[in-house]
Amino acid sequence: MNNTQIVLSSESLNVQSCIDWIMSPESGGIDVFIGTVRNATKGKPVLKLDFEAYEPMAISEMEKIAQQAFEKWPVQKVLIHHRTGTLQVGEVPVIIAVSAAHRDAAFEACRYIIDTLKQTVPIWKKEAFEDGEVWVAAHP
Amino acid sequence: MKINVLAFGVAKEIFGSSLVSLELTNDATIYNLKYLLEQQYPRLKQLASYMVAVNNEYALPGDTIHERDEIAIIPPVSGG
């Protein structure tokens, strides 16, 4: 589909190339969400994050979410890029970009995509602290 | 039948491997698989939750497992 771009990559994500892909003369609003590695969790310094994915299923779940966005809102293009591997503080694990004729659809679809991705896409992150490592959300 | 189970994230650490082999009866369900895995790897029960995927789709407890299905244990996801 030329209105959808899904990428799972072990290489650095490029925000500008995502914006270049999503821009089009038909669009009046572009919404871009950039997730970044934060330097602390609950006040505890984070050294790095390790991301692991079940790659074929992660791609298929991201495609489903993009499809749902097209069904729910009048959006024109949807882009989802996600990283795997080791990321340092300040690096970018995820970029979502949505274009639409008008901003409401772009804002709402972008929010829906990142929220749903966090619930359904089989990607896991392990936080490294000074005193050990923890798989995020694994335990109650 | 013999099936292979892929493990990711914390499940990989619980299994001590990214792939384990199990012997299941021919009409086994996801429920049966989870029961067997929890007997062998009790730490699975300490997870907040976990799902099973069959051929890259989330499966329900009553779904039947077939030989050569690609089975994966999906601990709570935390992408983004």
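We name chains A, B, ... by the order of the sequence lines, and we start the count at 1 in each one. Only this structure's heavy atoms are used, side chains among them; waters, hydrogens and symmetry mates stay out. Owing to the predicted nature of the structure, the values given are computational and were not obtained by experimental measurement.
Other residues, nucleotides and ligands contribute over 12 non-hydrogen atoms within 6.0 Å of the CD atom of A/Gln16. Within a 6.0 Å sphere centred on OH of B/Tyr31, heavy atoms belonging to other residues, nucleotides or ligands number 12 at most. When the shell of 6.0 Å around CZ of A/Phe107 is examined, it contains 12 or fewer heavy atoms from other residues, nucleotides or ligands. Atom CE of B/Met1 sits in a crowded spot, with more than 12 heavy atoms from other residues, nucleotides or ligands closer than 6.0 Å. The neighbour count for A/His102 NE2, taken as heavy atoms of other residues, nucleotides or ligands under 6.0 Å away, does not exceed 12.
Residue A/Phe33 is grouped with residue A/Tyr112 when hydrophobic side chains (ILVMFWY) are merged at heavy-atom distances under 4.5 angstrom, including chains of intermediate members. Under the 4.5 Å side-chain heavy-atom criterion for Ile, Leu, Val, Met, Phe, Trp and Tyr, B/Leu19 and B/Val52 are members of the same hydrophobic cluster. In the hydrophobic cluster analysis, where Ile, Leu, Val, Met, Phe, Trp and Tyr join through side-chain heavy atoms closer than 4.5 angstrom, A/Val92 is grouped together with A/Ile22. Linking Ile, Leu, Val, Met, Phe, Trp and Tyr residues whenever their side-chain heavy atoms come within less than 4.5 Å places B/Tyr50 and B/Leu24 in a single cluster. The hydrophobic cluster containing A/Leu47 does not contain A/Val37, counting ILVMFWY residues as joined when their side-chain heavy atoms lie under 4.5 angstrom apart, directly or transitively.
When B/Val10, B/Asn56, B/Asn55, B/Leu6 are compared by the number of non-hydrogen pairs under 4.5 Å with chain A, B/Asn56 comes out ahead. Taking A/Lys64, A/Lys118, A/Arg83 one by one and counting their heavy-atom pairs under 4.5 Å with chain B, the maximum is reached by A/Lys118. Chain B forms the most heavy-atom pairs under 4.5 Å with one residue out of A/Ala138, A/Ala53, A/Pro93, and that residue is A/Ala138. Comparing A/Gly35, A/Ala58, A/Pro122 by how many heavy-atom pairs each has under 4.5 Å with chain B, the most go to A/Pro122.
Residue B/Glu13 comes nearest to A/Trp135 through the heavy atom pair OE2-NE1, 2.9 Å, listed as atom of the first residue, atom of the second, then distance. Contact between A/Gln119 and B/Val77 at its shortest, heavy atoms only, is O-CG2, 3.4 Å. Closest non-hydrogen pair, A/His82 versus B/Gly80, comes out as NE2-N, 2.8 Å. Of all non-hydrogen atoms in A/Ala137 and B/Ala48, the two that sit nearest each other are O-CB, 3.9 Å. The shortest heavy-atom contact between B/Gly79 and A/Leu117 is C-CD2, 4.1 Å. Smallest separation of non-hydrogen atoms from A/Trp124 and B/Ser78: CA-OG, 3.4 Å.
Interatomic distance, CE of A/Met57 versus CD1 of B/Ile74, reported as 4.5 Å (0.5 Å rounding).
Of the atoms belonging to A/Val121, it is backbone heavy atoms, and not side-chain ones, that fall under 4.5 Å from chain B. Contact of A/Phe51 with chain B is made through the side chain alone, with heavy-atom distances under 4.5 Å. For A/Lys126, the part sitting under 4.5 Å from any heavy atom of chain B is the side chain, from C-beta outward, and nothing else.
For B/Tyr58 (side chain) and A/Thr120 (main-chain N/O), a donor-acceptor pair under 3.5 Å exists by modelled atom type.
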